[in-house]
A.B. asks: 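Let me begin by handing over the structure; questions about it come next.
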Amino acid sequence: MTFKDLIAAIPGATSVGDTNIELTGIAYDSRHVEAGNLFCAIPGFRTDGHLFCQEASNRGAVAFLVERADAIPSGKAGVIVPNARQAMALVADKFYGSPSSRLAMIGVTGTNGKTTTTHIIRALLEANDIPTGLTGTLYTLMGQDTYKVTRTTPESPDLQSILRHMVDRGMRAAVMEVSSHALVLSRVDEVQYDIGVFTNLTQDHLDFHKDLESYFQAKAILFKRLGQTKKTGPQAAIINIDDEYGRRLINMCSVPVITYGLSEGADVRGSMVTVGSRGVQFLATFPGGEKQAVEFDMTGTFNVLNALAAMSVGYIYGLSPRQMAEALARYPGVPGRFERIDEGQPFTVIVDYAHTPDGVENVLKTAREFTVGAVRVVFGAGGDRDRGKRALMGEAAGRLADWVMLTADNPRSEDPMDIIAQIREGLAPTGTPFEIELDRERAIRLALQKAQPGDVVFILGKGHETYQIYRDGTIHFDDREVARQALRELKKS
Ligand SMILES: CC(=O)N[C@H]1[C@@H](OP(=O)(O)OP(=O)(O)OC[C@H]2O[C@@H](n3ccc(=O)[nH]c3=O)[C@H](O)[C@@H]2O)O[C@H](CO)[C@@H](O)[C@@H]1O[C@H](C)C(=O)N[C@@H](C)C(=O)N[C@H](CCC(=O)O)C(=O)O
Ligand SMILES: Nc1ncnc2c1ncn2[C@@H]1O[C@H](COP(=O)(O)OP(=O)(O)OP(=O)(O)O)[C@@H](O)[C@H]1O
Ligand SMILES: N[C@H](CCC[C@H](N)C(=O)O)C(=O)O
Ligand SMILES: [Mg+2]
């Protein structure tokens, strides 16, 4: 496609140079430019893409999308736009042929449960012979193939390229996690969603959004945009009515709303919930009154909500409650989400990705429903992320666990001891005994050594992650591997 064709749709744009040139792709980072690319200069939080136009040119960029004309290397073609992120989203959609117009497009947003819910939605649709691509925190998934990702919701050129790939691979639907960062930073601007799913809103990411209201307004963007496409398939907002922000969101949508939850009045309602150590059982009631008993191996009331959200999507696409229950009964679970590590030890070990106060509270409350012994928990909090959540995570752990081990979780540029001190501010007043061990491997080993028959040991915050990010570099680290190895050694000793 030529540069000229691509930029025709950008409002308020002016071009310079010969725009009648073919482009090979779109880049927004000079370090990843390939010959023949369009380079989009993004003003960032840390630096400014305009400073890297020359470097991009040296690497073979032939055209430039900028907010400041003086950044265009001399003699090169360029377009000057009012907002580079928005314009990049427009050209990315056009370059890849608007793939989202050819997929049943489902976006899932909310503080917790996006990864889990997207996986369950995919399982339900695929059980009904709808090939469904998925992209989110863990990977991009098509058929049996997984592709590495670096963001929960990729930048617009990467996302549009993924969606194109899904269309080319014969996917009929795409389900994706939509982070609040993505909504604010125009990563999903041109994506034509048919269905938006709202899981919940609790504290996280206030380093970026400043307050909970702005964070909510960011999430709401997805829902305000629903119904604006020319697509012909079903369009709906699927909203958790048990969540106070969900209830507010209902009035902000111009497409039909299906509510789900345990509350009376939910369109897709869960009741008679039994939480066991190896799964949940509940009754789902659908609009019109049809009832379906469900058994699901992912335990916890929060996973009942994730399943109800997914069943609401299935309902919109005409799946029968019975068929959905059969698919849920077969579903094996999501990596790093309430993942049991079993080496035959007489206590339970669970690796989970809880990294917010609400997440910690939910998993520990779930454990309280079936644990006969003590509930022990090993966790930390990420560096360069919302500081306000740290003490709240400490408080939740202190209130609901019997013993706590504080350790490091991706300290990034921060001193891990400072992060722990902030968690301790919420934890110490609860009076629950705790220890500190900065080395996460040793922390896990110590917790497992202390465990008695009947106890549950939670290792929280990293879930599927296979790394630990420190100021001076990233090392391989996998809670599941460490726990498994430690349990084997304990068995021998
Ligand atoms: C806060 C945030 O989202 N920041 C995003 C933002 O970074 P930034 O504004 O700081 O960028 P910058 O470093 O100032 O650079 C400005 C521009 O110059 C470019 N550049 C920079 C250096 C260079 O040598 N050459 C060059 O071209 C950069 O690629 C960028 O386009 O724009 C960059 C790309 O343009 C993103 O990669 C970056 O994501 C960062 C790495 C990030 O950590 N994001 C996280 C917080 C995030 O997005 N998380 C969400 C939610 C996670 C969840 O809860 O699941 C996600 O969707 O993953
Ligand atoms: N519906 C829910 N409500 C509250 N907590 C949940 C819910 N679902 C999952 N959790 C907790 O949050 C953790 C993360 O779940 P999941 O990965 O599905 O969320 P996410 O929204 O994708 O997170 P991220 O923003 O990091 O991508 C789980 O390991 C669990 O502890
Ligand atoms: N995806 C989220 C959660 C990360 C969880 C934790 N392991 C951390 O690194 O903070 C984030 O980037 O904020
Ligand atoms: Mg996720």
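In this chain, numbering begins with 1 at the start of the sequence shown. Both backbone and side-chain heavy atoms feed into the values below; hydrogens, waters and symmetry mates do not. Counting convention: from 1, in listed order, for ligands and their atoms alike.
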A.B. asks: How far is atom 4 (C) of ligand 3 from its nearest protein heavy atom, and which residue and atom is that?
C.D. replies: Tyr353 OH, 3.4 Å
A.B. asks: Who's closest to atom 9 (O) of ligand 3 heavy-atom-wise, of Ile419, Leu460, Asp207, Asn410?
C.D. replies: Asn410
A.B. asks: When you compare ligand 2 with His355, is there at least one nitrogen or oxygen pair between them that comes in under 3.5 angstrom?
C.D. replies: yes
A.B. asks: Would you say the side-chain atoms of Gln217 pair up with the backbone N or O of Ser214, donor to acceptor, closer than 3.5 Å?
C.D. replies: no
A.B. asks: Nearest to atom 17 (O) of ligand 2, what protein heavy atom do you find, and at what distance?
C.D. replies: Arg337 NE, 2.5 Å
A.B. asks: How close does the nearest protein non-hydrogen atom get to atom 25 (O) of ligand 2, and which residue and atom is it?
C.D. replies: Lys114 NZ, 2.7 Å
A.B. asks: Nearest protein heavy atom to atom 11 (C) of ligand 3, by residue and atom, and its distance?
C.D. replies: Arg385 NE, 3.4 Å
A.B. asks: Should you measure from each heavy atom of Val363, which atoms of ligand 2 turn up under 4.0 Å away?
C.D. replies: 31 (O)
A.B. asks: Starting from atom 10 (O) of ligand 3, what is the nearest protein heavy atom, named by residue and atom, and what distance separates them?
C.D. replies: Gly382 CA, 3.2 Å
A.B. asks: Please determine if Thr117 has a nitrogen or oxygen closer than 3.5 Å to a nitrogen or oxygen of ligand 2.
C.D. replies: no
A.B. asks: Taking only heavy atoms of Thr116, which atoms of ligand 2 are found under 4.0 Å from at least one of them?
C.D. replies: 16 (P), 18 (O)
A.B. asks: What residue and atom, counting heavy atoms only, is the protein's closest point to atom 30 (C) of ligand 2, and at what distance?
C.D. replies: Asp352 OD2, 3.4 Å
A.B. asks: Among Asp204, Asn200, Asn306, whose heavy atom sits nearest atom 3 (N) of ligand 2?
C.D. replies: Asn200
A.B. asks: Among Ile120, Leu138, Asn362, Thr153, which one puts a heavy atom closest to atom 4 (C) of ligand 2?
C.D. replies: Asn362
A.B. asks: Which atom pair, heavy atoms only, marks the closest approach of Ala327 to Ala123?
C.D. replies: CB-O, 4.4 Å
A.B. asks: In terms of side-chain heavy atoms, does Asp204 have a donor or acceptor partner in Thr111 at a distance below 3.5 Å?
C.D. replies: no
A.B. asks: Does ligand 2 have any atom sitting under 4.0 Å from a heavy atom of Thr111?
C.D. replies: yes
A.B. asks: By residue and atom, what protein N/O/S atoms are less than 2.8 Å from the Mg ion (ligand 4)?
C.D. replies: Thr115 OG1, Thr137 OG1, Glu177 OE1
A.B. asks: Give the intermediate values and the outcome of ring-ring contact (aromatic ring centres under 6.0 Å, His included) for residues Phe216 and His209.
C.D. replies: CA-CA 9 Å; Phe216 171 63; His209 296 291; over 10 Å; no
A.B. asks: For atom 27 (O) of ligand 2, what's the nearest protein heavy atom and its distance?
C.D. replies: Thr137 OG1, 2.8 Å
A.B. asks: For atom 8 (C) of ligand 3, which candidate among His355, Lys462, Arg412 provides the closest heavy atom?
C.D. replies: Arg412
A.B. asks: Just one of Gln160, Met105, Met176 clears the side chain to side chain contact (heavy atoms under 4.5 Å, CB included) bar with Val188, so which one?
C.D. replies: Met176
A.B. asks: Any atoms of ligand 2 less than 4.0 Å from a non-hydrogen atom of Asp358? List them with their elements.
C.D. replies: 4 (C)
A.B. asks: So between Gly110, Ser180, Gly463, Gly113, whose heavy atom ends up nearest atom 19 (O) of ligand 2?
C.D. replies: Gly113
A.B. asks: Measuring from atom 14 (C) of ligand 2, which candidate in Phe302, Phe338, Tyr353 has the nearest non-hydrogen atom?
C.D. replies: Tyr353
A.B. asks: With heavy-atom distances below 4.0 Å as the criterion, list the atoms of ligand 2 near Glu177.
C.D. replies: 22 (O), 27 (O)
A.B. asks: Taking the minimum heavy-atom distance to atom 12 (O) of ligand 2, which of Thr109, Val108, Asn112 ranks first?
C.D. replies: Asn112
